[in-house]
Amino acid sequence: MSVAKKDYKRITTKSLIEMKSNGEKISMLTAYDFTMAKIVDTAGVDVILVGDSASNVMAGHETTLPITLDQMIYHASSVVRAVERALVVVDLPFGSYQSDPKEALRSAIRIMKESGGHAVKLEGGKEIKESIKKILNAGIPVMGHLGLTPQSIYKFGTYSVRAKEDQEAEKLIEDAKLLEKIGCFGIVLEKIPADLAQKVAESISIPVIGIGAGGGVDGQVLVIHDMLGMNNEFSPRFLRRYLNLYEEMTKAIGQYAADVKSSDFPNEKEQY
C-alpha cells in the first residue's frame, strides 16, 4: 500500500524513522562548504553528511585518515550556516573516538557545540560500543557506519566489497542489531552485497542508508563531487554521474582564460 509523502519542513532523526516506516526512501549527499550545502538543501535532499571524505575531495589526501577534528568542525559549521531543511550529520574523524569513550564524548560535544551539527557518525560496531553509548547518554544522536569503513583502510588493505564471506556477514548483521539496540537512529552500509544489505534493512527498525549496497535499503548516499562528475578519476560500479562538471568547468575556465588573454573580457558593458 502506498503512503502519501509527508512534507517535512525540517528533517529530524524522528523524520527519518517515520520515512522508513512509511516506505519513503531517504536521500543523502555530502557537502563541505556553505555554497554547495545551500544548493543541496534547496534541492530537497533529506540528509547532508559532512563526511571525512573532505580529506579526499577537498584536501587531496589519499585516505580519510589525515583530516582533523578542527577541520571537520570548520567544514560542518560552514554547512550548518547554509541549511534550512536537511538533517546535518558530521563524521567523527579517525583517532577522535576509537580507543577512549571519554575522548569520543569530548569530540562529539565539540562538533555539536562548535559547528551546530545535528548528529555525528562513527565507523564500527561492537568494538566501539562504549564510545557510542557514552555519546548517546549525553543526548547526542548517533548514526552508525558498517561494511567498508574507510578509516580502517590499512587494516583491510583494500576498498573492495566487504562481508562477502558468511562470518563477516553474520558479524555485520549482529553489529547492525547492536547499533539499533543501544540507540543509533540510523546506519550507513558501504559497499556490501545487495542481498545482505536488504536483509539488514529488513531486520531492524532504524533507517539503513546505502552506498554501493543496492536498492533494498531505506535510502542512498553519494559524495557530491562524484555524482556531479567533478571528480573524473573515480568510477566505482555504484556511482551514477548526474553531470559532467569536470568537463563543463574545464571548458568554461579555459574560455575565461582565453577571453582575458585576448582582451575580450571585460567588454564595455562589463565595466564602470
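Throughout, numbering of the chain's residues begins at 1 and tracks the sequence. Keep in mind that what you see is a predicted model, and the values were worked out from it rather than measured.
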Looking at every heavy atom in both [X] and [Y], which two are closest together, and how far apart are they?
X	Y	result
E62	N56	O-ND2, 3.3 Å
P93	I67	CB-O, 3.6 Å
A163	L196	CB-CD2, 3.5 Å
Q98	S131	O-OG, 4.4 Å
V45	A86	O-CB, 3.5 Å
E103	G95	OE2-O, 3.3 Å

>> I'd like to know if the side chain of S205 pairs up with that of E180 as donor and acceptor (distance under 3.5 Å, no hydrogens or angles considered).
In response: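 Their side chains do contain a donor-acceptor pair, which is all the 3.5 Å distance test asks for.
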
>> Can you see whether E248 engages N244 through a side-chain donor-acceptor pair at a distance of less than 3.5 angstrom?
In response: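 Checked: E248/N244 side chains show no N/O donor-acceptor pair below 3.5 Å.
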
Considering only NZ, NE, NH1 and NH2 on the basic side and carboxylate oxygens on the acidic side, decide whether [X] and [Y] come within less than 4.0 Å.
X	Y	answer
E84	K9	no
K126	D175	no
E127	K171	yes
D52	K121	no

Heavy-atom neighbours of [X] [atom1] exceed 12 at 6.0 Å:
X	atom1	answer
D195	CG	no
N267	CG	yes
K199	NZ	no
Q271	CD	yes
Y246	OH	no

Please round to the nearest 0.5 Å and tell me the distance separating atom [atom1] of [X] and atom [atom2] of [Y].
X	Y	atom1	atom2	answer
K191	F238	NZ	CZ	6.0 Å
M112	S107	CE	OG	13.5 Å
M227	L222	CE	CG	6.5 Å
L16	M143	CG	CE	6.5 Å
M249	L228	CE	CG	9.5 Å
Y32	I48	OH	CD1	11.5 Å

Do [X] and [Y] come within less than 4.5 Å of each other through their side chains, counting heavy atoms only?
X	Y	value
L172	R162	no
I111	I109	no
D91	V50	no
I132	C184	yes
D46	L87	no
Y97	E123	yes
V83	V80	no
P141	H118	no

Using modelled atom types only, decide if a donor and an acceptor are shared between the side chain of [X] and the backbone of [Y] within a distance under 3.5 Å.
X	Y	result
S78	F34	no
N22	E24	no
D41	A37	no
T42	I39	no
R241	N231	yes

> side-chain contact (heavy atoms from CB on, under 4.5 Å) with T30: which of I224, V57, V89?
Replying inline: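 Per the side-chain contact (heavy atoms from CB on, under 4.5 Å) rule, the option paired with T30 is I224, out of I224, V57, V89.
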
List the atom pairs, with distances to 0.1 Å, where a side-chain N or O of residues 211-218 and a protein N or O form a donor-acceptor pair under 3.5 Å, not counting sequence neighbours.
{"unit_1": "D218", "atom_1": "OD2", "unit_2": "K20", "atom_2": "NZ", "d": "2.9"}
{"unit_1": "D218", "atom_1": "OD2", "unit_2": "V208", "atom_2": "N", "d": "2.8"}

> Is there a side chain to side chain contact (heavy atoms under 4.5 Å, CB included) between L92 and I135 once you walk through the steps?
Replying inline: CA-CA 11 Å; L92 280 181; I135 295 169; 3.9 Å; yes

Shared ILVMFWY cluster between [X] and [Y], side chains joined below 4.5 angstrom?
X	Y	value
I182	F185	yes
L49	L65	no
I173	L148	no
I11	I17	no
F94	L122	no

>> Test side chain to side chain donor-acceptor pair (under 3.5 Å) on T68 and Q71; report intermediate values, then the result.
In response: CA-CA 5 Å; T68 66; Q71 290 167 335; 3.3 Å; yes

>> Pair K14, E18 - check salt bridge (charged side-chain N to carboxylate O under 4.0 Å, His left out), show working.
In response: CA-CA 6 Å; K14 183 172 178 252; E18 280 181 1; 3.4 Å; yes

> Does the ring centre of H225 sit less than 6.0 Å away from the ring centre of F234?
Replying inline: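 Centroid distance F234-H225: not below 6.0 Å, so no.
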
>> Go through it in stages, so that I can follow the logic: the residues are S115 and M72, the test is side chain to side chain contact (heavy atoms under 4.5 Å, CB included), and I'd like the CA-CA distance, side-chain angles, deciding distance and then a yes or no.
In response: CA-CA 9 Å; S115 79; M72 288 302 303; over 6 Å; no

>> Let's go through V221 and L29 carefully: what are the C-alpha distance in whole Å and the side-chain angles of both, what is the deciding distance for side chain to side chain contact (heavy atoms under 4.5 Å, CB included) to 0.1 Å, and is it a yes or a no?
In response: CA-CA 5 Å; V221 60; L29 278 174; 5.8 Å; no

> Checking side chain to side chain contact (heavy atoms under 4.5 Å, CB included) for the pair I26/V47: CA distance, chi angles, key distance, verdict?
Replying inline: CA-CA 8 Å; I26 297 162; V47 184; 4.1 Å; yes

